[in-house]
2 protein chains.
Amino acid sequence: MNSEEEVNDFVKNGHQQYLPHLSIDSVIFGYHDQQLKILLLKWIGLDGWGLPGGFIRRREPLSQAAHRILQERTSLEDLFLQQFHVFGDSPYRLQERSAREFTEKYGLVVGDDNWLFERTLSIGYFALVDYSKVSVRTDFFTTDYRWWDVSDIPPLLFDQNEVVEKALATLRLQIYHQPIGLNLLPEKFTLAEIHSLYETVLGKELDQRNFAKKLVSLGLIKKLAEQRAIGPHRSPYLYQFEKEAYEDALKQGIVHTY
Amino acid sequence: MNSEEEVNDFVKNGHQQYLPHLSIDSVIFGYHDQQLKILLLKWIGLDGWGLPGGFIRRREPLSQAAHRILQERTSLEDLFLQQFHVFGDSPYRLQERSAREFTEKYGLVVGDDNWLFERTLSIGYFALVDYSKVSVRTDFFTTDYRWWDVSDIPPLLFDQNEVVEKALATLRLQIYHQPIGLNLLPEKFTLAEIHSLYETVLGKELDQRNFAKKLVSLGLIKKLAEQRAIGPHRSPYLYQFEKEAYEDALKQGIVHTY
DNA sequence: CCAAAAGTGTTCTTTATACACCCATGG
DNA sequence: CCATGGGTGTATAAAGAACACTTTTGG
């Protein structure tokens, strides 16, 4: 959605294509530089950072909508994507807001009764993606994007800070039952990398030896013959996920402590 | 909602009061007779059993709507109520269905474009309630109700069997992180009762001695001086939840194994 | 040869599991 | 006095936590 014509049509007639009162907000986690990051978009006019999101087509299954929205935004096909909460309590989501504001800022004339300004509940999804594979597409409303460190999220639009908090809490809880990493790390990685990922997500230190022992003994990762040259230091071995064991653990759940 | 007039108004004008395309389905768990049960309603006309549910008022916070719906149905004020999933994938939820059917069965004339027959996503909540304190209110659409054993749920309307399954799965997962029982048991209970509750929810046997040891050592329950007379057997002691420890465990989570 | 990061085992402590007998009660 | 369900402890096994030194590498 980039041309003024398209945008106009979306604003004026979007309610014919999309379900009103409902949107999807995506918290997209990536991992880079030893930091867990999320992707935020800069909304022009509203002058603030917000989550990528979108609407559900009238006859589109919900989970398909969530995938489509993410795919359109990041160009990723395969990703871990999971619903985690519906947000419908915050006063922001109750306001029928800012039609005027919108008109002023975008130069589009819309009425107070426009579908975009009715009360909207938001279904939160979170995704775990390989940072390096994402190519972000911006559009008319969102001219800029940036990966933000989760410990340093700016004030977001509406109640989206709460959405991010809840996504993080869900991820941290889930890591005790399911493996993560397959979608956050490149295919081959070092022990140091996955170790640091887990420390980052959990926000605490994990014993190096115990951690490696655990992952290997669970059969989730396997050591490759390959090593990686990393400058004037000993070369670490590369590891890879055991896909079958990983998928099993995802489905059946495990009880971890790390 | 009982008089024909009220029902007519709800069908014809409900969309002015409620958000369209969205409903709340409640899976209400109760525990009785050593069985985990859920409350189902018999929908007249549709000729089937279904979950209690309702709609969200246009300016009503989501969680408040969930509480209201449950409160109206069960007369309970304090209960454990938790959102667990949004259902928007099943083909049932895509069908704009049965306006004709409806007209035939209820004798109300409604059009195909009536708000009740548009695609509806459902937000699933589950509640844990003290079976003995519930007094169920029926209405025009639901003339009968019954508590069903979770292992013996009949085919439900739409995709509601899936909703029940997911609620159960969520409850079973959650029991590993949070205590349950405070809302399922009467205030004072015996070790045998709570033990059997946990066995029922988890669907497996738990060692009697280890179970009691664990709950007491976690400080979740405390033994009272009182005993209960139970016929020609040794009288069991009564126990009570330690509210503070219980609430803490709810908030902060625990790692159980039982 | 040195700075920096990698790799690797053992001990101790805590937690979980398995298991069986005596006790109290009312009829 | 007896049938029934209640109550309790200990020993073993498994899992988690704590802990430090040697190796490799390129500059």
Side-chain angles (χ1 to χ4, degrees), chain A residues 33-34 175-177 179 185-186 188-200 202-240 245 249 252-258, chain B residues 33-35 175-177 179 181 185-186 188-200 202-240 245 249 252-258:
Chain A
D33 213 9
Q34 313 235 37
I175 204 176
Y176 287 107
H177 290 283
L185 292 171
K188 297 170 182 182
F189 49 86
T190 66
L191 275 186
E193 285 165 346
I194 191 172
H195 178 230
S196 151
L197 166 63
Y198 270 77
E199 286 192 334
T200 305
L202 289 169
K204 66 180 182 192
E205 295 199 347
L206 302 172
D207 183 275
Q208 186 192 173
R209 283 169 281 195
N210 295 338
F211 178 78
K213 234 184 293 173
K214 178 117 195 187
L215 284 196
V216 172
S217 78
L218 284 169
L220 289 178
I221 59 174
K222 69 159 178 271
K223 191 190 224 173
L224 303 175
E226 263 175 281
Q227 291 175 279
R228 177 191 291 169
I230 52 157
H233 311 297
R234 179 167 177 176
S235 310
Y237 283 94
L238 292 175
Y239 284 75
Q240 213 171 24
Q252 297 170 25
I254 22 181
V255 181
H256 286 264
T257 47
Y258 299 111
Chain B
D33 213 9
Q34 311 236 41
Q35 296 292 346
I175 204 176
Y176 287 107
H177 289 284
L185 293 170
K188 297 171 182 182
F189 49 86
T190 66
L191 276 185
E193 285 165 345
I194 191 171
H195 177 230
S196 152
L197 166 64
Y198 271 77
E199 285 192 335
T200 305
L202 288 170
K204 65 179 183 193
E205 294 198 348
L206 302 172
D207 183 274
Q208 187 192 173
R209 284 169 281 197
N210 295 338
F211 177 78
K213 233 184 295 172
K214 179 115 192 186
L215 283 197
V216 172
S217 79
L218 284 169
L220 289 177
I221 59 174
K222 68 157 178 271
K223 192 191 226 173
L224 303 175
E226 263 175 281
Q227 291 174 281
R228 176 191 293 168
I230 52 158
H233 312 296
R234 178 167 177 176
S235 310
Y237 283 95
L238 292 174
Y239 284 75
Q240 212 172 25
Q252 296 169 28
I254 21 180
V255 181
H256 286 265
T257 46
Y258 300 111

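So that the names make sense, note that chain A is the first sequence line, chain B the second, and so on, each numbered from 1.
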- prompt: Which distance, rounded to the nearest 0.5 Å, do you find between the OH of A:Y239 and the CG of A:L191?
  reply: 4.0 Å
query: How many angstroms lie between OH in B:Y198 and CG in B:L215, if you round to the nearest 0.5 Å?
result: 6.0 Å
query: Quick one: how far along DNA chain C does chain A reach, first to last nucleotide 5' to 3', anything under 4.0 Å to a heavy atom?
result: C:dA3 to C:dT10
Rounding to a whole Å, what distance do you find between [X]:[atom1] and [N]:[atom2]?
X: A:E205; N: D:dA17; atom1: CD; atom2: P; result: 14 Å
X: A:L218; N: D:dA15; atom1: CG; atom2: P; result: 10 Å
X: B:L238; N: D:dG6; atom1: CG; atom2: P; result: 12 Å

- line: In terms of heavy-atom contacts, A:F211 and A:L206 come closest through CD1-CD1, 4.0 Å
Solution key, residues 218-231 of chain A side-chain donor-acceptor pairs under 3.5 Å, sequence neighbours excluded:
| from | atom 1 | to | atom 2 | distance (Å) |
| --- | --- | --- | --- | --- |
| A:E226 | OE1 | A:K188 | NZ | 2.8 |
| A:Q227 | NE2 | A:S235 | O | 3.0 |
| A:R228 | NH1 | A:E193 | OE2 | 2.7 |

task: For A:A192, report the nucleic acid contact type (base, sugar-phosphate, nothing); a contact means any heavy atom under 4.0 Å.
output: sugar-phosphate
query: Does A:A212 offer a backbone N or O that forms a donor-acceptor pair with the side chain of A:H195 under 3.5 Å?
result: no
query: Which letter, B, S or -, goes with each nucleotide of nucleotides 18-27 of chain D from 5' to 3', with contact meaning a protein heavy atom under 4.0 Å?
result: BBB--BBBB-
statement: Residues at least two apart in sequence or cross-chain that pass side-chain hydrogen bond (donor to acceptor under 3.5 Å, both in side chains) with B:Q208, listed by chain then number, are none
task: With sequence neighbours left out, write down each residue that passes side-chain hydrogen bond (donor to acceptor under 3.5 Å, both in side chains) with A:Q34, or none if nothing qualifies.
output: A:S196
task: Can you sort out the partners of B:Y176 under ring pair (Phe, Tyr, Trp, His ring centres under 6.0 Å), two or more places apart, ordered by chain and number?
output: none
